[in-house]
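Down below is the structure, laid out as structure tokens.
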Amino acid sequence: MQASPYHALDEALSHLAEPPRQLWVALSGGLDSVCLLHAAQHWANAHAVPLAACHVHHGLQAVAEEWVVFCERLCSRWQIPLTVQRCQVVRKGGESLEAVARRHRYQALYQTAEDVLLLAQHQDDQMETLFMQLLRGAGPEGLQGMASEQAVGTLRQLRPWLALPRQTLETYAQQHQLPWVEDPSNQDTRFDRNFWRQQLLPQLAQRYPAYRQTLTRSQWVQQDAAACLAELAEQDRVTVAEGEGLSVAALLTLPAHRQRNLLRHQLCVRHQQRPPSWRWLEALREALQAVRPDALLQVSLPGAAGSVRVYRGVLYWVADFTPPCEAYDWVVQYGDTALPGWGGRVQVRATEQGGWPVAWLGQTLRIAPRQGGEVLKRHAKQPRQTLVKLWQAAGVPPWQRERTPLFHAEGHLVWVPGLGHDHTLQGAADMPGLEVVWRPD
């Protein structure tokens, strides 16, 4: 017997490793999310757990402001705190508008929600996802569908209704006389998901009434297959890992199918990228076979903000990064200081001996991006050396050099994180000093 929406929610929450301390509902204003907010409110009241809602305003439709007003009035009537996140949708590469809006929506939700985030996707959504992934040529990772439970940092994300068809939610809404808004774009079959929802799946249901249950079982099989492939990939990764990357020479000793499996795992699991196509993975394999051990290689991943790069025979995933254009001042002081635009922090601690002289406390250093031609004098009796030579000698990849803030004092370069500091910053070995460390995020 199929569970009711409330009991499906209760079962999902009861299976969490730790009881929820806070519930958040992603509220669009549509039927599904309104039903979820209603059920979540009853559950939260019964278990004395705080409940809040988050609405994401994409600004893509003229009626978007009306949805905000609807959600505000609904939450006010039900006495549920609401956060409205407004985001500007920016497309990258060949991404579809659907994909871009989804990415921005999840980013906004993750920035807002705490502890447990509830999403209202149901069984029909899962079926649409399955067929769309199948037509994209996805493997087990894509064909296993949306996860019912997922960790996103410290956030626990739940989709409690993946086993319920939308008709069950419609019945629930009618029983409780719930209001909701309709998205007019849901009728636009130019969008792939709407095409499946409005035209293909209804025909499939007429011919094969039990297709949802049958395909759900297939997804369970895909989940097992994906888990086995992930375990194999982790075993292979241990054998070919080199620092934060993969040894290309060791990778190429694996059979071709295990190379593709490991590369896919490295991108999707360890770096949270969308599954690449088989064709893209095969093109990457061919490029790795052709690259010289001392050559640089960069291969972009369509729709992703980053690329695969090879440096000195090691393969890395490198996220896109643009260093700040302007220099700014930083005062040497104890504690942690975030550097705007650089994606990291400077930590200053006291050390019993060595490090920077304590006299540098309170001094102002100029933080600037690399301009080219910088030199650093690390030892009093040695000549200045260019950063290029120092980085090459230290084996620092080219992209990491652009992400390294340079610290100047009175027009001279005095500290380069990862390389060292100017000889004038060298404190006495037997005297208290300052330990200064750059910590990238």
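On a predicted model such as this, the values are computed, not experimentally measured, just so you know. When reading the values below, keep in mind they use all heavy atoms of this one structure, side chains included, and skip hydrogens, waters and symmetry mates.
Rounding to the nearest 0.5 Å gives a distance of 6.0 Å between CD of Q111 and CD of Q85. Taken from CZ in F131 to CG in L204, the straight-line distance is 5.0 Å, to the nearest 0.5 Å. Atom CZ of residue F195 and atom CD of residue Q198 lie 11.0 Å apart, to the nearest 0.5 angstrom. How far CZ of R21 is from CG of D115: 4.0 Å, rounded to the nearest 0.5 Å. Taking CD of E114 as the start and CG of L155 as the end, the distance is 9.0 Å to the nearest 0.5 Å. With rounding to the nearest 0.5 angstrom, the CG atom of D32 is 10.0 Å from the CH2 atom of W180.
For E326, the CD atom counts as loosely surrounded, since its 6.0 Å shell holds 12 or fewer non-hydrogen atoms of other residues, nucleotides or ligands. More than 12 heavy atoms of other residues, nucleotides or ligands lie within 6.0 Å of NE2 in H176, so this atom counts as buried by the packing criterion. More than 12 non-hydrogen atoms from other residues, nucleotides or ligands lie less than 6.0 angstrom from CZ of R312.
Q177 contributes no side-chain N or O that, together with a main-chain N or O of Q174, makes up a donor-acceptor pair within less than 3.5 Å. Of the possible donor and acceptor atoms, one in the side chain of S33 sits under 3.5 Å from a partner among the backbone N and O of S28. A donor-acceptor pair under 3.5 Å links the side-chain atoms of Y328 to the main chain of P340, judged by distance alone. No donor-acceptor distance shorter than 3.5 angstrom exists from the side chain of R105 to the backbone of V56, with no hydrogens or angles considered. A distance-only check finds no donor-acceptor pair linking the side chain of S76 to the backbone of R73 [under 3.5 Å]. Between the E141 side chain and the A138 main chain, no donor and acceptor come within less than 3.5 Å of each other.
A8 and L164 get closest at one heavy-atom pair: CB-CD1, 4.0 Å. Scanning all heavy atoms of the two residues, the minimum distance from L301 to Q273 falls at CD2-CB, 4.1 Å. Looking at every heavy atom in both residues, V240 comes nearest to L251 through CG1-N, 3.9 Å. Counting all heavy atoms, side chain and backbone alike, G306 lies closest to W317 at C-CH2, 3.3 Å. Closest approach of P160 and A12 over heavy atoms only: CB-CB, 3.7 Å. Summarising the geometry of R345 relative to A338, their closest heavy-atom pair is NH1-CB, 3.6 Å, with the distance given to 0.1 Å.
A salt bridge links E65 with R86: at least one charged nitrogen is closer than 4.0 Å to a carboxylate oxygen. Remark: R166 does not engage D125 in a salt bridge, criterion side-chain N to carboxylate O under 4.0 Å. A salt bridge is defined here as a Lys NZ or Arg NE, NH1 or NH2 lying under 4.0 Å from an Asp or Glu carboxylate O, and E149 with R156 fails to meet this definition.
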Can L263 and W280 be said to form a side-chain contact (heavy atoms from CB on, under 4.5 Å), step by step? CA-CA 11 Å; L263 290 169; W280 184 88; over 6 Å; no

Go through the steps for M146 and L130 under the test side-chain contact (heavy atoms from CB on, under 4.5 Å), then give the verdict. CA-CA 9 Å; M146 294 177 283; L130 171 63; over 6 Å; no

Could you go step by step and tell me if L315 and E242 meet the side-chain contact (heavy atoms from CB on, under 4.5 Å) rule? CA-CA 9 Å; L315 180 147; E242 189 164 329; over 6 Å; no

What verdict does the side-chain contact (heavy atoms from CB on, under 4.5 Å) test give for L119 and L109, after you've listed the backbone C-alpha separation in whole Å, the side-chain angles of each residue and the deciding distance to 0.1 Å? CA-CA 10 Å; L119 302 176; L109 290 171; 4.2 Å; yes

What donor-acceptor contacts under 3.5 angstrom involve side-chain atoms of residues 35-55, with partners at least two apart or in another chain?
from : atom 1 : to   : atom 2 : distance (Å)
H38  : ND1    : Y172 : OH     : 2.7
H38  : NE2    : H42  : NE2    : 3.4
Q41  : NE2    : W78  : O      : 2.7
W43  : NE1    : D10  : OD1    : 2.9
N45  : ND2    : Q41  : O      : 3.2
H47  : ND1    : W43  : O      : 2.9
H55  : ND1    : L27  : O      : 2.9

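Test E231, R237, R270, E234 against H265 for side-chain hydrogen bond (donor to acceptor under 3.5 Å, both in side chains) and you get one pass: E234. Test V34, L178, L31 against L169 for side-chain contact (heavy atoms from CB on, under 4.5 Å) and you get one pass: L31.
When side chains are defined from C-beta on, R212 counts as touching D124, because their heavy atoms get closer than 4.5 Å. Within the 4.5 Å cutoff, the side chain of E72 has heavy atoms near those of the L82 side chain. Between Q259 and L252, some side-chain heavy-atom pair lies under the 4.5 Å cut-off. Looking at heavy atoms from C-beta onward, Y106 lies in side-chain contact with Q157 at the 4.5 angstrom threshold. Side-chain contact check for R77 versus P179: some heavy-atom pair is nearer than 4.5 Å. The shortest side-chain heavy-atom distance between P276 and P302 does not fall under the 4.5 Å cut-off. Residues R159 and Q150 form a side-chain contact, since some pair of their non-hydrogen atoms from C-beta on lies under 4.5 Å apart. Counting heavy atoms from C-beta on, the side chains of Y334 and L434 come closer than 4.5 Å.
Shown here are the side chain to side chain donor-acceptor pair (under 3.5 Å) partners of E128, two or more places apart in sequence or in another chain: R193, R197. The ring pair (Phe, Tyr, Trp, His ring centres under 6.0 Å) test applied to Y6 returns no partner, not counting sequence neighbours.
Using the six-membered ring where Trp is involved, W415 and W330 have ring planes that are tilted, between 30° and 60° apart.
Checked against a 6.0 Å centroid threshold, the rings of W438 and W342 do not count as neighbours.
S277 and R279 form no side-chain donor-acceptor contact under 3.5 Å, judged by distance and modelled atom types alone.
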